[in-house]
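So the structure is just underneath, and the comments pick up after that.
Bear in mind the structure is a predicted one, so any value in this text is a computation, not a measurement. Counting from 1, the numbers follow the sequence of the chain as shown.
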Amino acid sequence: MSAHHGGHRHGMAKRTLRLAFFLTIIIIVAEVAGGILAHSLALLSDAGHALTDIFALGLAWFATAQAERPANARKTFGYHRVGILAALANAITLILIAVFILYEAIQRFQHPEPIQPLFMFVSAGIGIAVNLYIGFGLQKEGDNLNARAAALHVFGDVGASVGVIVAGLIILLTGWTVVDPVLSVAIAGLIAVGAWRIVRETTDILLEAVPKGIDMPQLVTDMKGVAGVQDVHDLHVWGITNGMAALSCHVLIDDALISESSAILQALETMLSEKYGIGHSTIQFECHAHQEQYCSVDGLYCQMEALPEAEHEHKPTTSTTQGQKAHQKG
């Protein structure tokens, strides 16, 4: 794909996400107004659930825009973490909203209020129609992972709006108004679960945890499987932002010319990119073992630790034992 076509698709995705963002605001306004007029906590809860779409769309829009904003001498990793910080703040806000909805639902159980189903139908219907338009529009941006993730969020909100209509029908046909706070509790649960996942993912990124789907022991095995690689240590893998992994490590290789070692580097980078999706790697080559110097730094994870059940099966080699003794003497 040419740079021109790549930039064109990026621009299309950004415009689609921007349109979806502002259309979702219309949904929230319609559902808040309908919830107030209908005295429906379920509809107000659905508006709260739509806020998760606002955050998902806003972050996807932000992430797409960051591709056009280069890093600089002061922020060498760019501005990707701004979106992570915003996501964390938004997730905490959503958890508070879920708690408030739960509190209001308890009040409704104790003191039921009359519900106007007609307003529920109109407001939820607007939400379904606009969300379907947004969702199918986002699906057309198949090459953009952020847009696809936002589309899943939007289709999930369609399900919540359908639940509001079903609740309205039950109230209209049976007069059983307790279904409104029951549905509100269910929607609050969806909001809380989604928000908690965001909190976990963002804190993992901020703590520079290993990204999901990367098995560190297997990664080391695969790196050592590259021709010319003897050992790997001082290995660190982290996420700069969601979907952008980075790696740094020391690699012990056979003593070779620089021109020969470049082939090893290329093989490592290709394997890391194709199998693990790590596009940014910093690899330092060594031709003699001196990992003790780096592993002695407190608080840094240097070598893969053996699993408890495997410790009795694999005894340390002589060189490893000597290195540990030398380190203890130091």
Side-chain angles (χ1 to χ4, degrees), residues 10 13-14 17 21 51-98 138 141 143-154 156 190-220 222-223 232 234-249 269 271-283 297-302 304-305:
H10 223 72
K14 188 172 73 171
L17 288 166
F21 180 86
L51 276 177
T52 64
D53 297 337
I54 280 284
F55 298 147
L57 291 166
L59 289 171
W61 177 17
F62 177 85
T64 304
Q66 292 315 296
E68 302 174 2
R69 188 178 185 184
N72 54 48
R74 190 165 171 77
K75 294 180 175 60
T76 57
F77 278 110
Y79 295 83
H80 299 286
R81 289 283 174 89
V82 175
I84 299 302
L85 291 171
L88 179 60
N90 292 336
I92 294 173
T93 303
L94 286 172
I95 291 174
L96 294 176
I97 290 174
L138 290 172
E141 308 295 337
D143 292 335
N144 189 293
L145 292 177
N146 287 305
R148 285 165 57 188
L152 292 176
H153 249 279
V154 169
L190 289 176
I191 295 173
V193 170
W196 181 245
R197 287 175 181 168
I198 295 173
V199 169
R200 288 178 57 187
E201 290 178 11
T202 53
T203 51
D204 276 348
I205 291 173
L206 293 175
L207 291 173
E208 300 193 336
V210 176
K212 284 184 178 179
I214 296 181
D215 184 342
M216 290 288 278
Q218 184 60 46
L219 174 61
V220 171
D222 289 338
M223 292 183 72
V232 178
D234 198 22
L235 173 65
H236 302 280
V237 182
W238 69 99
I240 298 171
T241 187
N242 190 31
M244 185 182 293
L247 172 147
S248 69
C249 67
E269 290 179 337
M271 183 274 295
L272 291 171
S273 176
E274 292 180 354
K275 185 169 183 178
Y276 293 96
I278 300 174
H280 182 87
S281 57
T282 304
I283 300 173
V297 179
D298 291 336
L300 290 182
Y301 185 71
C302 190
M304 299 304 302
E305 297 174 359

Intermediate values then yes/no, side-chain contact (heavy atoms from CB on, under 4.5 Å), N72 and K75: CA-CA 5 Å; N72 54 48; K75 294 180 175 60; 3.5 Å; yes
How long is the gap from [atom1] on [X] to [atom2] on [Y], to the nearest 0.5 Å?
X: L94; Y: I54; atom1: CG; atom2: CD1; result: 11.0 Å
X: S281; Y: M223; atom1: OG; atom2: CE; result: 8.0 Å
X: F77; Y: I240; atom1: CZ; atom2: CD1; result: 4.5 Å
X: L247; Y: I278; atom1: CG; atom2: CD1; result: 5.0 Å
X: I92; Y: I97; atom1: CD1; atom2: CD1; result: 12.5 Å

Which heavy atom of [X] sits nearest a heavy atom of [Y], and at what distance?
X: I205; Y: G239; value: CG2-O, 3.5 Å
X: D234; Y: H236; value: OD1-NE2, 3.2 Å
X: I95; Y: A195; value: CG1-CB, 3.6 Å
X: A98; Y: I191; value: CB-CG2, 4.2 Å
X: L219; Y: L235; value: CD2-CD2, 4.3 Å

Taking C-beta and beyond as the side chain, do [X] and [Y] meet within less than 4.5 Å on heavy atoms?
X: H280; Y: T282; result: yes
X: L85; Y: L206; result: yes
X: L272; Y: I283; result: yes
X: Y276; Y: P211; result: no

I'd like to know if the side chain of T203 and the backbone of V199 have a donor-acceptor N/O pair within less than 3.5 Å.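 Yes; judged by distance alone, with no hydrogens or angles, the pair exists.
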After noting the C-alpha distance and the side-chain angles of V210 and D204, does the key distance pass the side-chain contact (heavy atoms from CB on, under 4.5 Å) rule? CA-CA 8 Å; V210 176; D204 276 348; over 6 Å; no
Set of side-chain hydrogen bond (donor to acceptor under 3.5 Å, both in side chains) partners for Q218, sequence neighbours left out: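 Once residues adjacent in sequence are excluded, the partners of Q218 under the side-chain hydrogen bond (donor to acceptor under 3.5 Å, both in side chains) criterion are D222.
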Under the salt bridge (Lys or Arg N to Asp or Glu O under 4.0 Å) test, residues paired with E208 that sit two or more places apart: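 In terms of salt bridge (Lys or Arg N to Asp or Glu O under 4.0 Å), with neighbours along the sequence ignored, E208 is linked to R81.
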